[in-house]
Asker: 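Quick one: this structure, given as structure tokens, is what I'll be asking you about.
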Amino acid sequence: MKWIPWLLILPVVLIRGFTTLYPILMTVKNSFFNISILAGINEFIGFKNYLKVFSDPKVLTSISFTAIFVVVSMILHVILGVILALILNMKFKGRRFLRTIVLIPWAMPAVVAGMAAKWAFNDYGLINDFIRWFVPGYQNSWLINTGTARAAVIAMDLWKDLPFFAILVLSGLQFISGDIYEAAKVDGANGIQSFFRITLPLIAKNVLTLCIPFTLWRLTTFDLVYSMTSGGPGEDTALIAYRITTEAFTNLNVGYASALAMLLFVVMAIFSWLNIRVMNKFDS
């Protein structure tokens with residue numbers, strides 16, 4: 001009778017295995033082929049797709065912005081996320097209500113947030129109107145200039161996911177006993193000293209753990225760019241995940257898109273491995 005549980009879960013295992021393993025194996029296979037659906041081409045070309053990556057200016061631009069996007073976004077996630085978590089951990093009237101509504105941006109679909117941001121950052125949108133309260137006559141085409149368009153994308157990414165990061169950090173703060181702070185206060189420690197010597201060391205592992213999935217999500221961000229800038233101006237805000245989608249479903253270069261996807265997979269795997277190694281050293 002021990003085989004009955006295995007028999008019952010077998011259909012789920014087979015379906016899940018097929019829907020997971022088959023796409024991965026096909027992506028690996030397609031990355032070594034020149035597959036152009038419009039031209040009807042399907043020929044083996046070895047590593048040419050991978051070598052093309054390092055000479056494709058569009059892909060190099062996407063890699064450059066992806067690196068900037070991930071690094072800047074994660075640094076701000078950690079700094080601002082910890083600050084927001086500390087604020088939400090304070091005792092004040094309406095704290096529970098604030099903890100609830102702060103998650104509204106995270107619950108909003110990224111496509112909806114991107115479409116709203118597209119209007120907010122245009123010449124006569126909410127952002128310019130707000131700035132004109134302090135700087136009369138201010139005018140800026142945020143999504144037309146490279147620097148401001150990239151800043152707008154990073155800002156929207158922070159606006160959407162920062163609250164979720166903060167709530168998860170808050171869960172770590174909840175496990176720190178108030179008695180520790182009381183003892184530190186008796187010993188003469190002020191608020192800043194308590195933060196750097198008590199709070200930060202105790203939540204450091206929690207923050208490092210959160211950095212793994214949040215960084216991987218930044219690497220695979222597609223929908224926000226798709227709905228907000230469509231990769232523009234030019235190709236300057238086209239993240240690598242957006243470039244992969246464009247090559248696969250717009251240009252129909254399936255082989256080249258598969259090679260880009262495999263390189264992204266390798267980068268994500270290396271990052272996860274390094275992060276786990278750092279966490280293991282942190283534990284020891």
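Please read all numbers here as calculations on a predicted model, not as lab measurements.
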Asker: Might you work through the side-chain contact (heavy atoms from CB on, under 4.5 Å) test for Phe222 and Arg243, ending with a clear yes or no?
Answerer: CA-CA 9 Å; Phe222 158 78; Arg243 173 57 49 204; over 6 Å; no
Asker: Run the side-chain contact (heavy atoms from CB on, under 4.5 Å) check on Leu252 and Glu247 step by step: do they pass?
Answerer: CA-CA 6 Å; Leu252 300 179; Glu247 290 293 338; over 6 Å; no
Asker: Should the heavy atoms of other residues, nucleotides or ligands under 6.0 Å from CZ of Arg95 be counted, would the total exceed 12?
Answerer: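 Check passes, neighbour count above 12.
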Asker: Measuring only between side-chain heavy atoms, which start at C-beta, is Thr66 closer than 4.5 Å to Arg218?
Answerer: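 They are not in contact (no side-chain heavy atoms under 4.5 Å apart), so the answer is no.
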Asker: What closest approach, in Å, do Met156 and Ala113 show between heavy atoms, and which atom pair accounts for it?
Answerer: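 Heavy-atom minimum between the residues: CE-O, 3.6 Å.
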Asker: Apply ring pair (Phe, Tyr, Trp, His ring centres under 6.0 Å) to Phe134 and list each qualifying residue two or more places apart in sequence or on a separate chain.
Answerer: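 Partners of Phe134 by the ring pair (Phe, Tyr, Trp, His ring centres under 6.0 Å) criterion, ordered by chain and then number, come out as Phe130.
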Asker: Measure across Leu260 and Ile244 and return the closest heavy-atom pair with its distance rounded to 0.1 Å.
Answerer: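 Shortest heavy-atom separation between Leu260 and Ile244 comes out as CB-CG1, 3.6 Å.
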Asker: When you group the ILVMFWY residues by side-chain heavy-atom contacts below 4.5 Å and let the links chain together, are Phe97 and Phe92 in the same group?
Answerer: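 Yes; Phe97 is reachable from Phe92 via cluster members.
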Asker: Under 4.5 Å between side-chain heavy atoms, counting indirect links through other Ile/Leu/Val/Met/Phe/Trp/Tyr residues: same cluster for Val72 and Leu224 or not?
Answerer: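 Yes, Val72 connects to Leu224 through the hydrophobic network.
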Asker: I need the minimum non-hydrogen distance between Ser194 and Ala189, along with the two atoms involved.
Answerer: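 Heavy atoms of Ser194 and Ala189 come nearest at OG-CB, 3.9 Å.
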Asker: Go through the steps to decide whether Thr146 and Arg150 satisfy the test side-chain contact (heavy atoms from CB on, under 4.5 Å), and finish with yes or no.
Answerer: CA-CA 6 Å; Thr146 298; Arg150 289 181 168 183; 3.9 Å; yes
Asker: Would you say the side-chain atoms of Asn190 pair up with the backbone N or O of Ile192, donor to acceptor, closer than 3.5 Å?
Answerer: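 Yes, because the side chain of Asn190 sits within donor-acceptor range (under 3.5 Å) of the backbone of Ile192.
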Asker: Once you measure the plane-to-plane angle for Phe47 and Phe32, does it fall in the parallel (<30°), tilted (30-60°) or perpendicular (>60°) bin?
Answerer: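 Rings of Phe47 and Phe32: perpendicular, over 60°.
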Asker: Got a list of side-chain donor-acceptor pairs under 3.5 Å for residues 12-26, not counting sequence neighbours?
Answerer:
residue: Thr19; atom: OG1; partner: Ile15; partner atom: O; Å: 3.0
residue: Thr19; atom: OG1; partner: Arg16; partner atom: O; Å: 3.1
residue: Thr20; atom: OG1; partner: Arg16; partner atom: O; Å: 2.9

Asker: Taking the six-membered ring for Trp, are Phe214 and Phe164 parallel (under 30°), tilted (30 to 60°) or perpendicular (over 60°)?
Answerer: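 Geometry flag for Phe164 against Phe214: tilted rings.
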Asker: Heavy-atom count check: over 12 atoms from other residues, nucleotides or ligands less than 6.0 Å from Phe69 CZ?
Answerer: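 Buried by this count: over 12 neighbours within 6.0 Å.
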Asker: Say whether, by atom type as modelled, one donor and one acceptor occur between the side chain of Thr229 and the main chain of Gly231 under 3.5 angstrom.
Answerer: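 Judged by distance alone, yes, a pair lies under 3.5 Å.
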Asker: Starting at CG of Leu80, measure out to CH2 of Trp159 and round the result to the nearest 0.5 Å.
Answerer: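 Interatomic distance, Leu80 CG to Trp159 CH2, rounded to 0.5 Å: 15.5 Å.
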Asker: Apply the test side-chain contact (heavy atoms from CB on, under 4.5 Å) to residues Val28 and Met262: give CA-CA distance (whole Å), side-chain angles for both, the deciding distance (0.1 Å), then the verdict.
Answerer: CA-CA 7 Å; Val28 174; Met262 291 307 305; 3.6 Å; yes
Asker: Identify the two heavy atoms, one from Ala241 and one from Thr245, that lie closest to each other, and give their separation to 0.1 Å.
Answerer: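 Scanning both residues completely, I find the closest heavy atoms to be O-OG1, 3.0 Å.
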Asker: Using modelled atom types and a 3.5 Å cut-off, is there a donor and acceptor pairing between side-chain atoms of Asn122 and backbone atoms of Ser141?
Answerer: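 No; judged by distance alone, with no hydrogens or angles, the pair does not exist.
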Asker: Determine whether Ile35 and Leu263 fall in the same hydrophobic cluster, where Ile, Leu, Val, Met, Phe, Trp and Tyr are linked whenever their side-chain heavy atoms lie under 4.5 Å apart.
Answerer: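 Same cluster: Ile35 reaches Leu263 through Ile, Leu, Val, Met, Phe, Trp or Tyr contacts under 4.5 Å.
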Asker: Could you tell me whether the side chain of Leu162 reaches within less than 4.5 Å of the side chain of Trp106, counting heavy atoms only?
Answerer: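 No, every pair of side-chain atoms sits at 4.5 Å or beyond.
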Asker: Is Leu60 reachable from Leu239 through a run of hydrophobic residues whose side-chain heavy atoms are each under 4.5 Å from the next?
Answerer: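 No, it is not one cluster - the side chains of Leu239 and Leu60 are not joined through contacts under 4.5 Å.
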Asker: Are the side chains of Asp236 and Phe65 in contact, using a 4.5 Å heavy-atom criterion?
Answerer: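 No; the side chains remain at least 4.5 Å from each other.
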Asker: How long is the span from the CG atom in Asn49 to the CG atom in Asp56, to the nearest 0.5 Å?
Answerer: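 It is 11.0 Å, given to the nearest 0.5 Å.
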Asker: Minimum heavy-atom separation for Ala85 and Leu170, please, with both atom names.
Answerer: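 What the structure gives for the nearest pair is O-CD1, 3.7 Å.
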Asker: Would you call Val78 and Cys211 a side-chain contact if the rule is heavy atoms closer than 4.5 Å?
Answerer: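 SC-SC contact between Val78 and Cys211 confirmed.
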Asker: Between the side chain of Thr100 and the main-chain N/O of Arg96, is any donor-acceptor distance below 3.5 Å?
Answerer: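 Checking the backbone N and O of Arg96 against the side chain of Thr100, a donor-acceptor pair under 3.5 Å is found.
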Asker: Which pairs would a plain distance check flag for residues 171-181, meaning a side-chain donor or acceptor within less than 3.5 Å of a matching protein atom at least two apart in sequence or in another chain?
Answerer:
residue: Ser171; atom: OG; partner: Leu168; partner atom: O; Å: 2.4
residue: Gln174; atom: NE2; partner: Asn89; partner atom: OD1; Å: 2.8
residue: Ser177; atom: OG; partner: Asp179; partner atom: N; Å: 3.2
residue: Tyr181; atom: OH; partner: Thr199; partner atom: OG1; Å: 2.5

Asker: Taking all non-hydrogen atoms of both residues, which atom of Ala166 and which atom of Leu84 are closest, and how far apart?
Answerer: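 Closest approach of Ala166 to Leu84: CB-CD2, 3.6 Å.
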Asker: Counting distance only, does the side-chain N/O of Lys160 pair as donor-acceptor with the main-chain N or O of Met108 below 3.5 Å?
Answerer: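 Side chain of Lys160 to backbone of Met108, a donor-acceptor pair under 3.5 Å: yes, one is there.
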Asker: How about Phe271 and Leu216: do any of their side-chain heavy atoms sit closer than 4.5 Å?
Answerer: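 Heavy-atom side-chain distance check passes, below 4.5 Å.
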Asker: So Val169 and Leu210, do their side chains get closer than 4.5 Å, heavy atoms only?
Answerer: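 A side-chain contact exists here, since the closest heavy-atom pair is under 4.5 Å.
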Asker: To the nearest 0.5 Å, what is the distance between CG (Asp157) and CE (Met74)?
Answerer: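 Nearest 0.5 Å value for the CG-CE distance: 9.5 Å.
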Asker: With rounding to the nearest 0.5 Å, note down the distance linking CD1 in Ile131 to CG in Asn140.
Answerer: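 Rounded to the nearest 0.5 Å, the CD1-CG separation comes out at 7.0 Å.
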Asker: Do Phe195 and Val82 come within less than 4.5 Å of each other through their side chains, counting heavy atoms only?
Answerer: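 Answer yes - side chains close enough.
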Asker: Nearest 0.5 angstrom please: Thr61 OG1 to Glu235 CD, how far?
Answerer: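 Reported value, rounded in 0.5 Å steps: 7.5 Å.
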Asker: Main chain of Ile212, side chain of Thr215: is a donor-acceptor contact present, judged purely on distance under 3.5 Å?
Answerer: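 Not at all, since once roles are kept as given, no pair shorter than 3.5 Å links the two residues.
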Asker: Show your reasoning for whether side-chain hydrogen bond (donor to acceptor under 3.5 Å, both in side chains) applies to Tyr242 and Ser62.
Answerer: CA-CA 8 Å; Tyr242 179 82; Ser62 295; over 6 Å; no
Asker: Roughly how far, to the nearest 0.5 Å, is the NZ atom of Lys93 from the CG atom of Leu98?
Answerer: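 Answer rounded to 0.5 Å: 14.5 Å.
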Asker: Is there a path of hydrophobic side-chain contacts, each under 4.5 Å between heavy atoms of I, L, V, M, F, W or Y residues, that connects Val186 with Ile198?
Answerer: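 No.
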Asker: For Arg99 and Leu88, indicate whether the former's side chain and the latter's backbone hold a donor-acceptor pair under 3.5 Å.
Answerer: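 Yes.
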Asker: Is the backbone N or O of Ser258 less than 3.5 Å from a side-chain atom of Thr27, with the two atoms forming a donor-acceptor pair by type?
Answerer: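 Answer holds: no.
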Asker: Using side-chain heavy atoms (C-beta onward) and a distance below 4.5 Å, is Asn34 in contact with Lys48?
Answerer: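 With C-beta onward as the side chain, the pair stays apart.
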Asker: Any donor-acceptor pair under 3.5 Å linking the side chain of Thr148 with the backbone of Ile144?
Answerer: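 No; zero donor-acceptor contacts below 3.5 Å.
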